[in-house]
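What follows is a short report on a single structure.
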Number of protein chains: 2
Amino acid sequence: MPPRQTDLSDAELEVLKALWDLGPTSVREVMNRLHTQGRELAYTTVLTFLTRLKAKKYVTSKKSGQAYIYKARVSREKVTGSRLSSLIEQLFDGASAPLVLHLVQSNKLSPDEIGELRRMLDDLDASPADAEGDD
Amino acid sequence: MPPRQTDLSDAELEVLKALWDLGPTSVREVMNRLHTQGRELAYTTVLTFLTRLKAKKYVTSKKSGQAYIYKARVSREKVTGSRLSSLIEQLFDGASAPLVLHLVQSNKLSPDEIGELRRMLDDLDASPADAEGDD
DNA sequence: CCTGGCCAACGACAGTTGTAGTAGGACCTG
DNA sequence: CAGGTCCTACTACAACTGTCGTTGGCCAGG
């Protein structure tokens with residue numbers, strides 16, 4: 001297995017999500033957060049993940065008093081987007097349309113959501129994509 | 001790490017995809033397929049994956065002459081769907097709408113695709129989901 | 001100053017994954 | 001029948017992952 005040392009693992013993502021939710025905070029807080037979400041991880045386990053996240057550059061930390069405060073360095077959107085892209089790549093060879101179609105067809109969307117979706121499509125027509133960096 | 005022994009790994013999925021594309025076939029054919037796709041794996045590596053896929057019940061095999069013929073036991077749709085669900089769970093806590101919105105907003109869809117999407121939405125309204133097994 | 005709490009750095013360990021080499025049976029071909 | 005050629009079964013192995021336990025430092029109470 002080629003060394004990556006850079007991708008987010010599932011457990012790491014969970015921790016990162018907690019950090020996003022909480023904003024900059026301590027290991028203990030992150031742990032508490034996870035606990036209230038039913039994720040019972042040992043303190044050291046959380047610490048491990050945070051440490052790995054730091055090694056992989058997903059978070060930064062600075063000492064504050066006795067403990068460290070961890071802060072996400074990547075936005076939820078960024079990560080979400082790239083995970084999504086990977087999946088699309090993997091499952092649909094890079095084309096996102098099939099994914100959307102798949103979602104729509106598997107009728108997992110509520111009428112409300114469908115309405116919103118339609119509204120968004122209309123919006124798109126109106127204001128044609130203002131050249132956002134294509135990641 | 002709790003033993004799973006049941007989930008598809010990325011590499012396994014690649015092999016399974018080749019198998020879907022080819023239909024029931026031999027290790028060698030799968031390997032050739034992967035090669036033409038630029039994925040240079042050793043014969044034994046492909047065999048390993050197919051073996052693991054079999055252990056995980058994603059494929060079956062039956063001897064035919066000297067070699068075995070492997071056949072996918074799960075449909076592409078099934079796997080695609082569950083992978084997608086996992087991602088949605090992971091990224092959007094189970095709500096698929098945000099994903100669709102995300103996709104639409106990140107304007108990765110061509111006008112044509114948007115048109116098709118809109119058509120599909122209309123269709124949905126017209127023929128309200130005829131009780132498809134909700135997986 | 002000793003003690004009980006926190007805290008973070010390490011080390012550990014088993015299971016998963018990606019990749020492949022080797023060994024040994026079948027089979028075809030002289 | 002000896003030599004290639006295929007094929008599968010095993011074994012291997014390092015990196016990655018999920019989970020912690022242990023250690024030793026630092027600080028507030030008694």
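Letters go in sequence order (proteins before strands), and every chain restarts at 1.
Every residue was checked against the side-chain contact (heavy atoms from CB on, under 4.5 Å) condition with Ala67(B), not counting sequence neighbours, and none meets it. Taking the salt bridge (Lys or Arg N to Asp or Glu O under 4.0 Å) definition, one finds that Arg73(B) meets it with nothing, sequence neighbours left out. Shown here are the side-chain contact (heavy atoms from CB on, under 4.5 Å) partners of Ala42(B), two or more places apart in sequence or in another chain: Thr44(B), Thr45(B). The side-chain contact (heavy atoms from CB on, under 4.5 Å) test applied to Thr6(B) returns Arg4(B), not counting sequence neighbours. Looking at residues two or more places apart in sequence or on another chain, you find no salt bridge (Lys or Arg N to Asp or Glu O under 4.0 Å) involving Arg28(A). Under the salt bridge (Lys or Arg N to Asp or Glu O under 4.0 Å) criterion, Asp10(A) pairs with Arg83(A), sequence neighbours left out. Residues passing the salt bridge (Lys or Arg N to Asp or Glu O under 4.0 Å) test with Glu12(B), sequence neighbours excluded: Lys56(B).
Residue Lys56(B) is in sugar-phosphate contact alone, with no base atom involved, counting any heavy-atom pair closer than 4.0 Å across all strands shown. Heavy atoms of Phe49(B) sit under 4.0 angstrom from at least one base atom.
If you take CG of Leu47(B) and P of dC10(D), they are 11 Å apart, rounded to a whole angstrom. As a whole-Å value, the separation of Leu8(B) CG from dT16(C) P is 14 Å. The separation between Asp10(A) atom CG and dT17(D) atom C1' is 10 Å, rounded to whole Å. In this entry the distance linking NZ of Lys54(A) with P of dC10(C) reads 11 Å, nearest Å. In this structure, Lys63(B) places its NZ atom 11 Å from C1' of dC6(D), rounding to the nearest Å. When the P atom of dT17(D) is taken as reference, atom CG of Leu53(A) falls 11 Å away, rounded to whole Å.
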Taking only distance into account, with no hydrogens and no angle test, what donor-acceptor pairs under 3.5 Å do side-chain atoms of residues 13-25 of chain A form with protein atoms, sequence neighbours excluded?
unit_1   : atom_1 : unit_2   : atom_2 : d
Glu14(A) : OE1    : Arg39(A) : NE     : 3.0
Glu14(A) : OE1    : Arg39(A) : NH2    : 3.0
Glu14(A) : OE2    : Arg39(A) : NE     : 2.7
Lys17(A) : NZ     : Gln90(B) : O      : 2.4
Trp20(A) : NE1    : Val74(A) : O      : 2.9
Asp21(A) : OD1    : Arg76(A) : NH2    : 2.4
Asp21(A) : OD2    : Arg33(A) : NH2    : 2.8

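The heavy-atom pair separating Val104(A) from Met120(B) by the smallest distance is CG1-CE, 3.7 Å. Of all non-hydrogen atoms in Leu109(B) and Ser96(A), the two that sit nearest each other are CD2-OG, 3.7 Å.
Between Tyr43(B) and dT19(C) there is no side-chain polar atom (N or O) within less than 4.0 angstrom of OP1 or OP2. The phosphate of dG18(D) has neither OP1 nor OP2 within less than 4.0 Å of any side-chain N or O from Arg39(A).
Proximity of residues 12-37 of chain B to DNA chain C (heavy atom under 4.0 angstrom from any strand atom) is not detected for any residue.
Between the axis at the start and the axis at the end of the helix from dC1(C)-dG30(D) to dG30(C)-dC1(D) there is an angle of 20°, using five pairs per end and rounding to 10 degrees.
For residues 61-72 of chain B, the pairs satisfying side-chain hydrogen bond (donor to acceptor under 3.5 Å, both in side chains) are Lys54(B)-Ser61(B), with sequence neighbours left out.
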Each nucleotide N or O in nucleotides 20-30 of chain D that has a protein N or O under 3.5 Å away: list the pair and distance.
unit_1  : atom_1 : unit_2   : atom_2 : d
dC20(D) : OP2    : Ala42(A) : N      : 3.1
dC20(D) : OP2    : Thr45(A) : OG1    : 3.1
dC20(D) : N4     : Thr48(A) : OG1    : 2.4
dG21(D) : N7     : Thr44(A) : OG1    : 3.2

